[in-house]
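Working notes, structure below.
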2 protein chains.
Amino acid sequence: MGEARTPGQRAGLTRESVLQAAHKLLIERGLDGLSMRGLATRLGVAPNAIYSHVANKTALVDELLDEVLAAVVVPDPDTTEANAGLVRIMTSSYTVLLDHPDLVPLYLARQGARGPHAQRLGDVMFALLAQAGVTGPAAHEARRVLIVYTIGFAALSTSAGPEPSEDRPLGSAELSGNFASGLQWLLTGILGA
Amino acid sequence: MGEARTPGQRAGLTRESVLQAAHKLLIERGLDGLSMRGLATRLGVAPNAIYSHVANKTALVDELLDEVLAAVVVPDPDTTEANAGLVRIMTSSYTVLLDHPDLVPLYLARQGARGPHAQRLGDVMFALLAQAGVTGPAAHEARRVLIVYTIGFAALSTSAGPEPSEDRPLGSAELSGNFASGLQWLLTGILGA
DNA sequence: TTGTTTATTGTACAGCGTTCAGCTAAATTG
DNA sequence: CAATTTAGCTGAACGCTGTACAATAAACAA
């Protein structure tokens, strides 16, 4: 650990290494544990060094949010039937979101990430809807509803629910079932019975 | 303004006056503008004086969240038909949430507030569902879905949507329509066609 | 009146995100 | 290859945050 750097010497950071370290830190310490200073320490670097690779903390988190969405499994809209495809994509999104509980409130606060991966998901959803004959404003409406529902449900699932003692802690299997039910109701309404 | 207080002298704060000032500050300055120090300044008091009336900032915000829900109009479950009643209560909730955009992400992060007003809403929803024959686990499931959908949609509505340039900024009337559509789909699924 | 509880202040701590100036290694240019 | 520019990094600092601790004075109880 005797690697004391003096001004001018480089640490070899990349945008990628910064994002990756931030991702790990987020998983280990949660959102509250993700500070620029903590990240800098983790990287063995002065706090402000990060600003050479990322504009600010907000931008960093934004990219993190989009990066997580890379794990969502996206069906091919040409070979998949609309209802089934949408169930798959939303369920996969839901699962991925559950893997990152601390991020979920952020998705909602920023309303769903804006990066390339989010774009990809949106495009596929759009294609699936079009395949089922849902286009134009109705498609936008439907997509919005599905996204909100999915993120929202993930938010509700990522901690003790609002009922403190009313019934048992409510296992994750049960929540997944709830999610699937509501999702199917929505899809039935969107695609027509 | 020459009212300099020395240690021991009282400012006459109450829990209510603190909460009320916090509420006003929140409306005027948004969530970022609501700091313990700013609130103290507003109250003409040292920052730590607030801690005599509220445990900490988290507790303060929690009570604020619940207080806002007091404005939700709740129909009488005995004289209101289930579908109509649920539409009314969810729409009113949605409207109230839209009046407090900065709070909405917090509702999601904390998953819907836990205070007495939230309890009241939950009870009425439960009664309406029961009236339509939805009871037991199905009722919990339905209520959860409706709450998530409503808060989630409010989150989506309280700022520029995820589509940057794709179409026009999407007016609030349009969003309300979207909300109503999705809500009706959910209710149809919940209550049966 | 005396004693106890409680609201308030002053002070302080540890942490945060971020900016600025300086240094120097690396990249670019001639 | 040498000169010059660019860019990654450090050190220091600013202003902000929530909150704990000890001292003080007002309110209340006996």
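All values reported here derive from a predicted model rather than from experimental measurement. In the text below, chain A, chain B and the rest are named by the order of the sequence lines, each starting its count at 1.
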Q: Indicate yes or no for a side-chain donor-acceptor contact from A:Ser92 to the backbone of A:Arg88 under 3.5 Å, with no hydrogens or angles considered.
A: no
(Q) Please tell me if B:Ser35 has a side-chain N or O lying less than 4.0 Å from either OP1 or OP2 of D:dT17. (A) yes
Q) Any side-chain N or O of A:Arg5 under 4.0 Å from OP1/OP2 of D:dT10? A) yes
(Q) Parallel, tilted or perpendicular: which one describes the rings of B:Tyr94 and B:Phe153, with boundaries at 30° and 60°? (A) perpendicular
Q) Donor-acceptor pair under 3.5 Å: do we get one between A:Arg10's side chain and the base of C:dA26? A) no
Q) Does a side-chain N or O from A:Gln9 land closer than 4.0 Å to OP1 or OP2 of C:dT24, or not? A) no
Q: Evaluate the ring planes of B:His100 and B:His23, with Trp represented by its six-membered ring, and classify them as parallel (under 30°), tilted (30 to 60°) or perpendicular (over 60°).
A: tilted
Q) Are B:Glu63 and B:Arg114 close enough, and set up right, to give a salt bridge (Lys or Arg N to Asp or Glu O under 4.0 Å), and what steps lead you there? A) CA-CA 9 Å; B:Glu63 298 186 65; B:Arg114 220 144 320 200; over 6 Å; no
(Q) Going by the rule side-chain contact (heavy atoms from CB on, under 4.5 Å), which residues pair with B:Ala142 if we only count those two or more places apart in sequence or in a different chain? (A) B:Leu129, B:Ile190
Q) Counting only non-hydrogen atoms, which of residues 45-61 of chain A are less than 4.0 Å from DNA chain D? A) A:Val45, A:Ala46, A:Asn48, A:Ala49, A:Ser52, A:His53
(Q) If you count every heavy atom of other residues, nucleotides or ligands that lies below 6.0 Å from A:Arg29 atom CZ, does the total exceed 12? (A) no
Q) Quick one: the side chain of A:Arg37 and the base of C:dG15, do they pair up donor-acceptor inside 3.5 Å? A) no
